[in-house]
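Notes to accompany the following structure.
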Amino acid sequence: MPLVTTTEMFKKAYEGGYAIGAFNVNNMEILQGIAEAAGELKSPIILQVSKGARAYANHTYLVKLVEAALIENDIPIALHLDHGPDFETCKACIDGGFTSVMIDGSHYDFEKNVAVSKEVVEYAHSKGVVVEAELGQLAGVEDDVKVSDADAQYTQPDQVEEFVDRTGVDSLAIAIGTSHGAYKFKPGQKPQLRFDILEEITKRLPNFPIVLHGASSVSQEYVKIIQENGGNLADAIGIPEDMLRQAARSAVCKINIDSDLRLAMTAGIRQVMWNDPSVFDPREYLKVGRANVKTLVTHKIKEVLGSDGKA
Ligand code: G3H
Ligand code: 13P
Ligand code: ZN
């Protein structure tokens with residue numbers, strides 16, 4: 001099956017009360033772990049690639065790896081640019097085989113965000129590619145953009161209709177208290193998401209797919225393994241999975257997961273190398289990281305997103 005856009009995936013997810021996992025891909029083993037899990041569970045997935053991933057692994061290598069995943073797994077797969085920083089990067093991905101792009105103008109003021117998002121939509125739609133944009137700002141770090149907790153801003157519901165109308169975007173990422181990375185809440189702080197804001201947004205944008213970034217739950221199992229094997233992730237804390245389940249049942253159709261994959265992969269590699277310092281065949285530790293990624297994605301699809309059997 002060729003790559004698909006997210007249009008059909010989101011329509012079904014919205015109607016069915018589940019969400020599609022958008023998993024970040026940076027190398028072959030991460031991709032294999034994700035794709036094998038989704039393939040076995042007959043789940044649609046979004047494979048997303050950031051500016052940093054393109055710089056690390058090279059656009060062509062990533063596209064060809066995703067093409068291999070399509071051949072190996074009979075499921076709908078969308079290839080998405082995560083946090084596209086500008087029109088040029090979005091255009092390179094649209095021209096280079098992606099079926100979906102995010103233009104992230106969330107750090108601009110409203111008018112500039114509208115302008116840059118609209119420009120990407122016009123080009124993308126002329127090529128049959130769909131566009132995600134973002135209103136509001138998450139805390140955390142992605143590529144070279146760093147947003148402190150103090151600067152993070154929830155999405156203002158009274159802006160969403162105008163933004164979607166004027167830009168023509170196909171989905172909207174919102175800020176309701178999630179954040180990027182492995183340290184989402186301070187120690188002792190009660191994790192909270194603003195479902196009231198999500199509800200307000202949904203009222204203003206009926207039947208419109210919403211995207212949740214920064215949605216890793218930071219499994220304490222992997223944190224423990226990393227800690228016990230020479231790592232330091234003290235105080236890493238993520239979004240509780242019951243909140244993600246609640247989001248998946250709502251208008252949230254795409255849930256972004258990257259940090260959880262990194263933790264799963266790193267826990268496997270650390271465990272092998274810490275236990276046996278004589279290991280020097282990369283396959284010996286990467287295969288354990290890859291197996292962890294597969295276990296994690298299986299869990300997310302079945303127990304959190306609810307997308308199993310929806311391919
Ligand atoms: O939201 C950001 C993603 O986790 C991508 O991270 O820019 O380090 O590849 P990256
Ligand atoms: P996490 O850091 O919570 O995995 O978020 C990933 C993300 O939003 C990618 O765009
Ligand atoms: Zn993100």
Side-chain angles (χ1 to χ4, degrees), residues 1-16 18-50 53-54 56-82 93-94 96-102 128-130 132 171 209 211 215-216 244 248 253-265 268 282-283 286-311:
M1 168 180 328
L3 280 173
V4 296
T5 71
T6 53
T7 308
E8 198 60 24
M9 283 184 192
F10 287 168
K11 192 170 175 291
K12 288 187 184 160
Y14 201 107
E15 285 163 6
Y18 62 93
I20 310 291
F23 299 101
N24 285 71
V25 172
N26 284 283
N27 68 11
M28 182 183 77
E29 284 78 10
I30 292 174
L31 171 61
Q32 288 175 328
I34 300 165
E36 274 180 31
E40 285 174 16
L41 292 173
K42 295 281 165 242
S43 168
I45 43 166
I46 298 166
L47 296 171
Q48 56 186 13
V49 166
S50 68
R54 289 175 81 239
Y56 171 75
N58 172 297
H59 179 102
T60 309
Y61 276 95
L62 289 168
V63 170
K64 294 296 168 191
L65 282 172
V66 170
E67 283 173 9
L70 279 169
I71 293 167
E72 293 294 322
N73 300 280
D74 188 25
I75 50 170
I77 298 179
L79 176 55
H80 174 77
L81 169 65
D82 189 28
C93 289
I94 294 163
F98 284 42
T99 53
S100 173
V101 293
M102 175 189 190
V129 169
V130 291
E132 169 189 329
S171 61
V211 178
S216 279
L244 298 172
C253 294
K254 174 175 180 269
I255 291 191
N256 284 14
I257 296 170
D258 187 5
S259 296
D260 278 341
L261 301 170
R262 298 177 184 201
L263 292 169
M265 178 57 91
R283 292 172 297 189
L286 289 173
K287 75 178 175 197
V288 179
R290 177 174 63 191
N292 280 358
V293 167
K294 183 173 174 183
T295 303
L296 173 96
V297 173
T298 301
H299 168 77
K300 291 289 176 187
I301 288 174
K302 279 173 69 171
E303 310 297 339
V304 179
L305 302 161
S307 61
D308 47 317
K310 312 291 190 194

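This is a predicted model, so every value here is computed, not measured.
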Requested in this report: List in chain and number order the residues that pass salt bridge (charged side-chain N to carboxylate O under 4.0 Å, His left out) with K294, two or more places apart in sequence or in another chain; answer none if no residue qualifies.
Outcome: E36, E40

Query - Residues in ring pair (Phe, Tyr, Trp, His ring centres under 6.0 Å) contact with F98, at least two apart in sequence or another chain - result: H59

Query - Distance-minimising heavy-atom pair for A38 and I45 - result: CB-CG2, 3.6 Å

**Report entry** S50 to L81 - nearest heavy-atom pair and separation
**Finding:** C-CD1, 4.5 Å

Requested in this report: Check step by step if side chain to side chain contact (heavy atoms under 4.5 Å, CB included) holds for I34 and L47.
Outcome: CA-CA 9 Å; I34 300 165; L47 296 171; 3.8 Å; yes

Report summary line: Residues passing the side-chain contact (heavy atoms from CB on, under 4.5 Å) test with P2, sequence neighbours excluded, are none

Query raised in the report: What pairs with Q48 under side chain to side chain donor-acceptor pair (under 3.5 Å), at least two apart in sequence or on another chain?
Result: N24, K254

Requested in this report: Kindly indicate whether the side chain of T99, heavy atoms from C-beta on, has any atom under 4.5 Å from the side chain of I77.
Outcome: no

Please report, to 0.1 Å, the donor-acceptor pairs under 3.5 Å made by any side chain of residues 67-74, with sequence neighbours excluded.
| from | atom 1 | to | atom 2 | distance (Å) |
| --- | --- | --- | --- | --- |
| E67 | OE1 | K64 | NZ | 3.2 |
| N73 | ND2 | A69 | O | 3.0 |

Requested in this report: Using salt bridge (charged side-chain N to carboxylate O under 4.0 Å, His left out) as the criterion, list what pairs up with R262, not counting sequence neighbours.
Outcome: D258

**Report entry** Sequence-distant partners of A264, side-chain contact (heavy atoms from CB on, under 4.5 Å), two or more places apart
**Finding:** Y222, N292, V293, L296

Report task. Can you sort out the partners of T7 under side-chain contact (heavy atoms from CB on, under 4.5 Å), two or more places apart, ordered by chain and number? Result -> T5, V130

Distance-only criterion, 3.5 Å: show the donor-acceptor pairs between side-chain atoms of residues 302-311 and protein atoms not counting sequence neighbours.
| from | atom 1 | to | atom 2 | distance (Å) |
| --- | --- | --- | --- | --- |
| S307 | OG | S43 | OG | 2.7 |

Query raised in the report: What are the two closest heavy atoms between V297 and F23, and how far apart are they?
Result: CG1-CZ, 3.8 Å

Query raised in the report: How many angstroms lie between atom SG of C253 and atom NZ of K12, to the nearest 0.5 angstrom?
Result: 13.0 Å

Query - Nearest atoms (heavy-atom pairs only) where L3 meets A78 - result: CD2-C, 4.3 Å

**Report entry** Closest heavy-atom pair and its distance - M265, G289
**Finding:** SD-CA, 3.5 Å

Query raised in the report: With sequence neighbours left out, what residues match K11 under salt bridge (charged side-chain N to carboxylate O under 4.0 Å, His left out)?
Result: E15

Query raised in the report: So M28 and Y61, side chain to side chain contact (heavy atoms under 4.5 Å, CB included) or not? Walk me through it.
Result: CA-CA 9 Å; M28 182 183 77; Y61 276 95; over 6 Å; no

Query raised in the report: Which distance, rounded to the nearest 0.5 Å, do you find between the CZ of R283 and the CD of E29?
Result: 11.0 Å

**Report entry** Candidate list V101, V63, V129, test side chain to side chain contact (heavy atoms under 4.5 Å, CB included), partner L79, passing option
**Finding:** V63

Requested in this report: Taking S216 for its side chain and D260 for its backbone only, find out whether a donor-acceptor pair lies under 3.5 Å.
Outcome: yes

Query raised in the report: Just how far is it from atom CG of N27 to atom CG of L261, taken to the nearest 0.5 Å?
Result: 10.0 Å

**Report entry** Working for side chain to side chain contact (heavy atoms under 4.5 Å, CB included), residues M9 and I46
**Finding:** CA-CA 9 Å; M9 283 184 192; I46 298 166; 4.0 Å; yes

Query raised in the report: Is the closest side-chain heavy-atom distance between N256 and D82 below 4.5 Å?
Result: yes

